[in-house]
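As the structure lists them, so they are numbered: ligands from 1, and atoms in each ligand from 1.
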Amino acid sequence: MKRIFVLFALILALAGSSAGLAATATAVISGTQPGSSVGGKVTFMETSEGLHVRANVSGASAGKHGFHIHEVGSCADSGKAAGGHFNPDKMDHGFLPKDGIVHAHAGDLGNITADAGGSGELDLMIPSVTLADGPYAIAGRSVILHEKEDDFGQPVGNAGGRIGCGIITLDE
Ligand code: CU
Ligand code: ZN
């Protein structure tokens with residue numbers, strides 16, 4: 001009898017720990033132009049301090065490239081179908097980790113700096129944004145890598161064309 005109880009407690013503990021697993025999502029970046037060498041991957045993990053975003057890109061020109069979450073989960077029409085920066089509260093453009101959700105678009109991730117070989121990485125903790133729940137949920141939206149640097153000017157940072165795009169998909 002005691003053994004059955006221990007087994008039952010173990011099953012409950014396992015069920016509880018799987019329910020507590022952090023939600024994660026992935027976006028695979030592809031070039032928006034035919035024959036483009038741009039590629040990359042972005043992973044998102046919900047934590048108690050915010051959303052942990054890690055990205056690596058390759059095939060870009062050396063230097064800074066604006067990097068944002070855009071509103072629509074589509075990379076069609078050379079990335080234009082992704083729409084504008086994700087901005088549910090109609091705020092000014094900024095840098096979310098520094099400016100916070102009331103002084104930046106919810107999609108403002110700043111820049112990724114590519115090295116001479118065209119590769120770059122980003123590791124950011126962004127406040128307020130979630131994957132699936134609430135007004136700042138980003139699953140099903142897109143990430144866009146831009147041609148030029150985001151200089152944080154208004155209205156969208158002057159980052160120019162869209163060279164890479166990926167759709168943010170919840171991991172199973
Ligand atoms: Cu953008
Ligand atoms: Zn913006």
- Query: Given the rule in the side chain to side chain donor-acceptor pair (under 3.5 Å) test, do Asp108 and His85 qualify, once you have shown the distances and angles that lead to the verdict?
  - Reply: CA-CA 7 Å; Asp108 289 346; His85 295 184; 3.2 Å; yes

- Task: Write the atom name of the N, O or S atom in His105 that is nearest the Zn ion (ligand 2).
- Result: ND1

- Item | Heteroatom count (protein N, O or S) under 2.8 Å of the Cu ion (ligand 1) | 3

- Is there side-chain contact between Tyr136 and Ile101, with at least one heavy-atom pair below 4.5 Å? yes

- Query: Between His65 and His146, is the ring centre distance below 6.0 Å?
  - Reply: no

Sequence neighbours left out, cut at 3.5 Å: what donor-acceptor pairs do the side chains of residues 73-84 make with other protein atoms?
unit_1 : atom_1 : unit_2 : atom_2 : d
Ser74  : OG     : Ala76  : N      : 3.2

- Of all the N, O or S atoms in His93, which one sits nearest to the Zn ion (ligand 2)? ND1

- Message: Is there a side-chain contact between Thr130 and Ile138 in this structure, where contact means two heavy atoms from C-beta onward sitting under 4.5 Å apart?
- Response: no

- Task: Check whether any N, O or S atom of His68 sits under 2.8 Å from the Zn ion (ligand 2).
- Result: no

- State, with a plain yes or no, whether a side-chain heavy atom of His52 is found less than 4.5 Å away from one of Glu46. no

- Message: If you count every heavy atom of other residues, nucleotides or ligands that lies below 6.0 Å from Met91 atom CE, does the total exceed 12?
- Response: yes

- Would you confirm whether the ring centroid of His105 sits within less than 6.0 angstrom of the ring centroid of His68? no

- May I ask you to check whether Asp108 brings an N, O or S atom to under 2.8 Å from the Zn ion (ligand 2)? yes

- Task: Could you check which N/O/S atom of His85 is closest to the Zn ion (ligand 2)?
- Result: ND1

